Amino acid sequence: MAPSAATRNHAQAAQPQPLRRSARFQTAAATPDPLKPDDEFRVLKTTKRKPERYDCTTCDRNLSASAFPKYLPTDKCKHLINTCKACTKQYIAVMMDSVTYDKLACPECPELLTNADVKHHAAKDVYKRYDELERRGISEKVPGWRWCLNPKCRGGQVHESLLKQEDPPKQENATAGAEKDMKATGKEPQTRTRSKAKKIVRFFVDLASANLVDGKDQDIFTCNTCGHRACVPCDRPFHDGETCAQYKARLGQAEKEKNSEKSQKTIEKYCKPCPKCGKKIEKNGGCDAMFCPCGERFCWLCLIPYTTINATGHAKDCRYAAGNNRFDPHAGPAAPGQPALW
């Protein structure tokens, strides 16, 4: 038999009824609030990873990744970056005093550093020294090599005339052939020492250079990089229309005029003329009384001889003049304006 309506109402009343809330609270409870910009930033900030740190095998310090270089010391290195920037820079500076520039290697392997590697990892003054040593080494090792004289150019190349001058074996071979011919004819050749043979070869080289300098065909070096021209015999920029002797004479005269102008300015600044003979005299410490080699004694400030000072006094603009109450120990006690000592 189905339960009656009274029984059903009694069962529903016995069950606990849920709390009644407004529609606003029910909607809020069903859908959570979206994250605000500050809350999103707070979440990202809490999940941010810590910066990576590595150990430097040279100084044995645990440093951040920014303390290490981004690239290996050389392109041929196959190891990891285990040396920090400061240690690499210090290593290159120390090794520059211990080995030659062409033996400078990586701090972790035997691979040699190039010019670009040293420029990237070393200090500016250390790289400047390395670059200068490398340029000298190239000019000494490569026969006939010459650098461009243009200060804005870093180019260089082999010059043919210099290459011929630095090739003495041809001269020695020619001398040896002449000696063989003389032995075949029964004549004993005159023996020359090696040093004398070098001097003779050098003498002919100097004569060839002299002909190039004073003749019409001058030995000119033209840079393939910038096109700058230079005179090879005198090692100066090319002087068109002048021989080396004329060019050097003109430079010497200009240098003399420059030095003379500097000396004249120095004399005008630090020296004063003697009132008697007119010679320039420089005062280097001491009192204001000057003694000229001509025998004249005068005041350095007003250039008045003491014979006149004792009679009429110092000049008006001098600090020992009458009215300034300054005592001049070199003037006479009866000189005008000379105060009495107490």
Side-chain angles (χ1 to χ4, degrees), residues 51-170 172 198 202 205 219-230 232 235-237:
E52 298 180 354
R53 302 182 69 85
Y54 303 95
D55 293 332
C56 175
T57 57
T58 304
C59 62
D60 197 21
R61 293 184 299 170
N62 186 260
L63 304 172
S64 61
S66 60
F68 290 83
K70 297 181 179 179
Y71 306 99
L72 289 167
T74 69
D75 294 337
K76 298 180 180 180
C77 293
K78 298 181 180 180
H79 52 79
L80 298 176
I81 302 176
N82 300 319
T83 306
C84 64
K85 297 178 182 178
C87 290
T88 305
K89 185 180 296 184
Q90 185 66 23
Y91 166 81
I92 295 175
V94 172
M95 294 304 294
M96 282 295 295
D97 297 330
S98 304
V99 298
T100 56
Y101 76 94
D102 54 344
K103 301 296 182 182
L104 188 61
C106 170
E108 300 182 38
C109 69
E111 295 294 342
L112 299 178
L113 301 178
T114 62
N115 189 295
D117 298 332
V118 177
K119 184 178 182 180
H120 181 74
H121 295 282
K124 291 183 179 180
D125 56 338
V126 176
Y127 170 72
K128 185 177 180 181
R129 180 186 171 193
Y130 174 90
D131 187 59
E132 182 63 26
L133 293 174
E134 185 186 40
R135 291 174 68 86
R136 292 181 186 177
I138 292 174
S139 60
E140 292 174 359
K141 293 179 181 179
V142 181
W145 185 268
R146 181 181 176 86
W147 292 106
C148 180
L149 296 182
N150 185 2
K152 298 182 180 180
C153 179
R154 305 291 292 175
Q157 64 204 43
V158 176
H159 194 58
E160 293 184 0
S161 64
L162 298 178
L163 189 62
K164 293 178 181 179
Q165 293 179 14
E166 296 179 3
D167 193 12
K170 294 182 180 180
E172 294 179 0
K198 285 186 176 182
R202 192 66 197 172
V205 170
D219 191 5
I220 303 173
F221 170 86
T222 304
C223 179
N224 294 333
T225 303
C226 66
H228 185 268
R229 297 193 300 171
V232 176
D235 196 23
R236 295 292 182 90

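Each residue takes its place number in the sequence, starting with 1. Everything quoted here is computed from the prediction, not taken from an experiment. Below, each value reflects all heavy atoms present in this structure, side chains not excepted, and no hydrogens, waters or symmetry copies.
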S.K.: Would you say Lys76's side chain and Leu112's backbone share a donor-acceptor pair under 3.5 angstrom?
M.R.: no
S.K.: Are Glu132 and Lys128 within salt-bridge range, i.e. N to O under 4.0 Å?
M.R.: no
S.K.: Output yes when a side-chain donor or acceptor of Glu111 lies under 3.5 Å from a complementary backbone atom of Thr74, and no otherwise.
M.R.: no
S.K.: Counting neighbours of CG on Asp75 that are heavy atoms of other residues, nucleotides or ligands and sit closer than 6.0 Å, is the number greater than 12?
M.R.: no
S.K.: Looking only at non-hydrogen atoms, find the nearest pair between Leu63 and Cys56 and report the distance.
M.R.: CD1-CB, 4.5 Å
S.K.: What heavy-atom pair brings Cys84 and Pro69 nearest, and what distance separates the two atoms?
M.R.: C-CD, 4.0 Å
S.K.: Distance from Asp60 atom CG to Cys87 atom SG, nearest 0.5 Å?
M.R.: 10.0 Å
S.K.: Distance check, rounded to the nearest 0.5 Å: Tyr130 atom OH versus Asp125 atom CG?
M.R.: 15.5 Å
S.K.: Supply the atom-to-atom distance Arg129 CZ to Tyr101 OH, rounded to the nearest 0.5 angstrom.
M.R.: 13.5 Å
S.K.: Quick check: are there more than 12 heavy atoms from other residues, nucleotides or ligands sitting under 6.0 Å from NZ of Lys85?
M.R.: yes
S.K.: Between the main-chain N or O of His79 and the side-chain N or O of Glu108, is there a donor-acceptor pair closer than 3.5 Å?
M.R.: no
S.K.: Are side-chain heavy atoms of Leu113 and Met95 found at a separation under 4.5 Å?
M.R.: no
S.K.: Rounded to the nearest 0.5 Å, what's the gap from OH on Tyr71 to SG on Cys77? Could you check?
M.R.: 15.0 Å
S.K.: Identify the heavy atoms of Leu149 and Arg236 that sit nearest to each other, and give their distance.
M.R.: CD1-C, 3.7 Å
S.K.: Looking at every heavy atom in both Ile92 and Ala122, which two are closest together, and how far apart are they?
M.R.: CG2-CB, 3.8 Å
S.K.: Any non-hydrogen side-chain atom of Leu133 less than 4.5 Å from a side-chain atom of Met96?
M.R.: yes
S.K.: How far apart are the closest heavy atoms of Trp147 and Phe221, and which atoms are they?
M.R.: O-CE2, 4.2 Å
S.K.: Indicate yes or no for a side-chain donor-acceptor contact from Gln157 to the backbone of Thr225 under 3.5 Å, with no hydrogens or angles considered.
M.R.: no
S.K.: Is it the case that more than 12 heavy atoms not belonging to Arg53 sit under 6.0 Å from its CZ atom?
M.R.: yes
S.K.: Given the rule in the side-chain contact (heavy atoms from CB on, under 4.5 Å) test, do Lys141 and Asp102 qualify, once you have shown the distances and angles that lead to the verdict?
M.R.: CA-CA 12 Å; Lys141 293 179 181 179; Asp102 54 344; 3.1 Å; yes
S.K.: To the nearest 0.5 Å, tell me how far Ser139 OG sits from Arg136 CZ.
M.R.: 8.5 Å
S.K.: Nearest 0.5 Å, please: how far is CH2 in Trp145 from CD1 in Ile138?
M.R.: 6.5 Å
S.K.: side-chain contact (heavy atoms from CB on, under 4.5 Å) for Glu134 and Thr114? Distances and angles first, verdict last.
M.R.: CA-CA 10 Å; Glu134 185 186 40; Thr114 62; over 6 Å; no
S.K.: Identify the heavy atoms of Asn150 and Cys226 that sit nearest to each other, and give their distance.
M.R.: ND2-SG, 3.6 Å
